[in-house]
Amino acid sequence: MKKLSFSIFIIALVLFSGCTFLTSQQGPTLLNITEPDEVTTPEITTVEPVTPDAAQTWQGEGFSFTYPAIYTADEQGLWDEERYELHMNPPENCEVCSLPSVEVKTSTTDQTLDQYILADFDLPGETLDEMSQETGIPYDQILMGDNAVTHIRVDDMFAITGYYIQKGTTILSFKVYFDEDNNDELAEILSSLKFE
């Protein structure tokens, strides 16, 4: 019996030694220790707070107004991003790519406001009332800020909406081409209009 116990002890010792030897040859399998010089820190991403676009100022001869920074301004008027891209890189045969989102124009004239608007749209009649009766094109006068504004919409090849203000012999016009999606913005612009 002592021989059997001794034999079992020897076999267990050999098995234990063999397992220990094999494990030491394979290296650690459960732990992957990184050396201190290999430690990396995660990148920190900062999120800028969203702030509303600041207003810009258009300074004309004898007048000024503010407009949202979503527009690019030049001597023709105000361009939203899409229209400005079309203007700067027009596709072939694009006749309307030179039209800004809002055309801004000033004129010094001896014409009445009615005569100026009729000539600007090439409409018949001597007055806006006469034109409206003849063509059915409506117009109205609205107060925006401190300014009385004549508003007219003409649908020809595409919709054109005009806003006209007269101060003495100066007529300031804002024309919106195609649609009036920016009605609220345009109301803010016209309400900010100041004459010097």
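In this structure, H87 and P90 approach most closely via the heavy-atom pair O-CD, 3.5 Å. Heavy atoms only, all atoms of each residue included: C97 and R83 are closest at CA-NH2, 3.9 Å.
Of the inter-residue distances, the one linking T106 atom OG1 with F63 atom CZ reads 5.0 Å to the nearest 0.5 angstrom. How far CD of Q166 is from OG of S173: 12.0 Å, rounded to the nearest 0.5 Å. A distance of 6.0 Å separates CD1 in I171 from OH in Y116, rounded to the nearest 0.5 Å. Going from atom CD1 of I165 over to atom CD of Q141 covers 11.5 Å, rounded to the nearest 0.5 Å. How far CG of L99 is from CG of L86: 10.5 Å, rounded to the nearest 0.5 Å. The distance from atom OG1 of T150 to atom CD1 of I142, rounded to the nearest 0.5 Å, is 8.5 Å.
Exactly one of V149, L172, I117 qualifies for a side-chain contact (heavy atoms from CB on, under 4.5 Å) with Y164. That residue is I117.
Residues M131 and I137 are in side-chain contact: their nearest non-hydrogen atoms beyond the backbone lie under 4.5 Å apart. For the pair T169/T109, no side-chain contact is recorded, criterion being any heavy-atom separation below 4.5 Å from C-beta on. Within the 4.5 Å cutoff, the side chain of L186 has no heavy atoms near those of the M144 side chain. With a 4.5 Å cut-off on side-chain heavy atoms, I152 and Y163 do not count as touching. At a threshold of 4.5 Å between non-hydrogen side-chain atoms, the residues Y177 and E103 count as touching. Here the side chains of S101 and V176 are not in contact, with every heavy-atom distance at 4.5 Å or above. The side-chain heavy atoms of Y71 and E81, taken from C-beta on, include no pair separated by under 4.5 Å. Residues L78 and P100 have side chains not in contact (no heavy-atom distance under 4.5 Å, counting atoms from C-beta outward).
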For this session: In sequence, state the C-alpha distance, the side-chain angles, and the governing distance for V104 and Q76, and then conclude on side chain to side chain contact (heavy atoms under 4.5 Å, CB included).
Result: CA-CA 6 Å; V104 180; Q76 289 178 268; over 6 Å; no

Exercise. Would V96 and F158 satisfy side chain to side chain contact (heavy atoms under 4.5 Å, CB included), going step by step from the backbone distance to the final call?
Worked result: CA-CA 10 Å; V96 296; F158 47 83; 3.8 Å; yes

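Side-chain atoms of E85 never come within 3.5 Å of backbone atoms of D80 as a donor-acceptor pair (strictly under, hydrogens ignored). Checking side-chain atoms of Q115 against main-chain N and O of T112 turns up a donor-acceptor pair under 3.5 Å. In terms of modelled atom types and a separation under 3.5 Å, the side chain of R153 and the main chain of Y139 share no donor-acceptor contact. Of the possible polar contacts, none joining the T57 side chain to the T66 backbone as a donor-acceptor pair under 3.5 Å is found. In this structure, the side chain of S132 does not engage the main chain of L128 through any donor-acceptor pair within 3.5 Å. Formation of a donor-acceptor pair under 3.5 Å by the N147 side chain with backbone atoms of L193 is found in this model. Using modelled atom types, one side-chain atom of E130 and one backbone atom of E126 make a donor-acceptor pair closer than 3.5 Å.
With a 6.0 Å cutoff to the six-membered ring centre and a 45° limit on the axis angle, K175 counts as a cation-pi contact of F121.
With sequence neighbours excluded, no residue satisfies salt bridge (charged side-chain N to carboxylate O under 4.0 Å, His left out) with D110.
Dense packing is recorded around CD of E196, with more than 12 heavy atoms of other residues, nucleotides or ligands lying under 6.0 Å away. Applying the 6.0 Å contact sphere to CG of D155 captures more than 12 heavy atoms from other residues, nucleotides or ligands. Within a 6.0 Å radius of CD in E61, no more than 12 heavy atoms belonging to other residues, nucleotides or ligands are found.
Other residues sharing a hydrophobic cluster with M88 under the 4.5 Å side-chain heavy-atom criterion for ILVMFWY residues are W79, Y84.
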